[in-house]
**Student:** 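I'd like to ask you about the structure that follows.
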Amino acid sequence: MLFEEDINLVVTDVQITNDDVGVAFVNGYEKNDKTEEYSVMINYLNDFEVEGYGDAKEN
């Protein structure tokens, strides 16, 4: 299932895991609203597929 959001993400932090995990966590905020923070999980071993995303403030 494909979900698409119209978000202009300004990246503030990237954390890359070991190759055996193959995931990068990208954090940032909406370009037009800095209070809207997001976290995106990207599988770089699987053609950079987005495996999850959410509101970073929920942590």
Side-chain angles (χ1 to χ4, degrees):
M1 184 178 286
L2 175 67
F3 292 98
E4 190 171 321
E5 298 284 338
D6 186 21
I7 297 172
N8 287 320
L9 186 69
V10 176
V11 176
T12 59
D13 181 51
V14 176
Q15 299 171 1
I16 300 174
T17 63
N18 296 332
D19 283 342
D20 59 336
V21 178
V23 174
F25 298 96
V26 179
N27 301 302
Y29 59 87
E30 165 65 42
K31 181 179 179 181
N32 297 320
D33 185 357
K34 290 184 178 183
T35 64
E36 293 293 323
E37 298 174 345
Y38 293 94
S39 182
V40 182
M41 184 172 68
I42 300 171
N43 185 333
Y44 60 83
L45 297 177
N46 189 20
D47 200 26
F48 295 92
E49 180 177 325
V50 174
E51 299 213 339
Y53 69 95
D55 185 345
K57 293 184 287 187
E58 292 178 1
N59 297 335

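Note: hydrogens, waters and symmetry copies are ignored here, and every other heavy atom, side chains too, is used.
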**Student:** Carefully, step by step, assess Y53 and I7 under the rule side-chain contact (heavy atoms from CB on, under 4.5 Å).
**Tutor:** CA-CA 12 Å; Y53 69 95; I7 297 172; 5.6 Å; no
**Student:** Taking it one step at a time, do T35 and Y29 satisfy side-chain contact (heavy atoms from CB on, under 4.5 Å)?
**Tutor:** CA-CA 7 Å; T35 64; Y29 59 87; over 6 Å; no
**Student:** Side-chain heavy atoms nearer than 4.5 Å, only ILVMFWY residues, links allowed to pass through others: does that put V14 and I42 together?
**Tutor:** yes
**Student:** Quick check on D6: does its CG atom have over 12 non-hydrogen neighbours (other residues, nucleotides or ligands) under 6.0 Å away?
**Tutor:** no
**Student:** Counting N and O atoms only, with roles assigned by atom type, does the side chain of N46 sit under 3.5 Å from a partner on the main chain of E49, one being a donor and the other an acceptor?
**Tutor:** no
**Student:** Check whether V21 and F48 end up in the same hydrophobic cluster, where Ile, Leu, Val, Met, Phe, Trp and Tyr are linked by side-chain heavy atoms less than 4.5 Å apart.
**Tutor:**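 No, V21 and F48 fall in different hydrophobic clusters.
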**Student:** List the residues meeting side chain to side chain donor-acceptor pair (under 3.5 Å) with E30, not counting sequence neighbours, and say none if there are none.
**Tutor:**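 Residues passing side chain to side chain donor-acceptor pair (under 3.5 Å) with E30: none at all.
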**Student:** As an exercise, state the distance from CG of D13 to CD of E37, rounded to the nearest 0.5 Å.
**Tutor:** 11.5 Å
**Student:** Side-chain heavy atoms under 4.5 angstrom apart, residues restricted to Ile, Leu, Val, Met, Phe, Trp, Tyr: same cluster for V26 and V50?
**Tutor:** yes
**Student:** Grouping I, L, V, M, F, W and Y whenever their side-chain heavy atoms are under 4.5 Å apart, do V11 and V40 come out in a common cluster?
**Tutor:**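 Linked within one cluster.
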**Student:** Find out whether T17 and F25 are in side-chain contact, i.e. whether some heavy atom of one side chain is under 4.5 Å from a heavy atom of the other.
**Tutor:**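 Yes, at least one pair of side-chain atoms sits under 4.5 Å.
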**Student:** Drop me the distance from N27's CG to M41's CE, to the nearest 0.5 angstrom.
**Tutor:**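 Interatomic distance, N27 CG to M41 CE, rounded to 0.5 Å: 12.0 Å.
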